[in-house]
Structures are given as structure tokens and as C-alpha cells.
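First comes the structure, then the notes that go with it.
As the structure is a computational prediction, the values presented were derived from the model and not from experiment.
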Amino acid sequence: MATVAALTAIASACSPADPKPTIKTVVVPVAVPESARQPCPRPVTLPDRAMTAREVTTGWGADRTALKTCEERRAAAVAAIDATGEPK
């Protein structure tokens with residue numbers, strides 16, 4: 001009988017008196033700056049003259065690739081933030 005009383009006292013000492021802690025998740029809203037919502041500038045118009053192969057491959061090609069990449073990244077970033085339901 002004393003053993004049962006001792007085991008009861010030990011078991012009750014192991015159980016927590018307080019409930020388990022609560023973990024709270026807080027979502028911090030992200031505001032996209034208005035400048036990020038502006039599209040990247042379009043490539044400049046090609047001149048009305050014959051261009052050298054060097055001009056085309058080094059200058060204009062790089063410009064157009066950079067501008068297209070800029071717009072794709074900007075649009076993807078804005079779409080990802082908008083998909084979270086955050087304020088615009």
C-alpha cells in the first residue's frame with residue numbers, strides 16, 4: 001500500500017501543472033515599393049541604318065537580354081508577393 005502511495009506521488013510530480021506553451025506565428029506584411037511595380041524600360045528603338053555585327057552582338061543583344069531578364073524578375077517578385085495576399 002505504501003508503494004502505491006509513493007508511486008502516485010512520484011507520478012503526479014512528473015506531470016506538469018501548467019499547460020504546454022503555446023507557439024504563436026505572426027505574419028509580417030510585406031509592402032512592395034511602388035517603384036518595384038513599375039515595368040523595366042523597354043529596349044531602345046534600333047537605328048534606321050545598317051548596324052555592324054559587333055554592334056548587334058555586343059551592344060544591342062546585351063541590352064535586350066538585360067531588359068527582358070529585368071522585367072521577368074520584377075514581374076515574378078511582384079506576383080509572388082501578391083500571391084501571399086499581402087497588401088499592395
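- Here R49 pairs with E55 under the salt bridge (charged side-chain N to carboxylate O under 4.0 Å, His left out) rule; sequence neighbours left out.
- By the side chain to side chain donor-acceptor pair (under 3.5 Å) test, R74 pairs with E71, sequence neighbours left out.
- Separating the SG atom in C40 from the NZ atom in K68 is a distance of 13.0 Å, to the nearest 0.5 Å.
- Separating the OG1 atom in T57 from the CE atom in M51 is a distance of 9.0 Å, to the nearest 0.5 Å.
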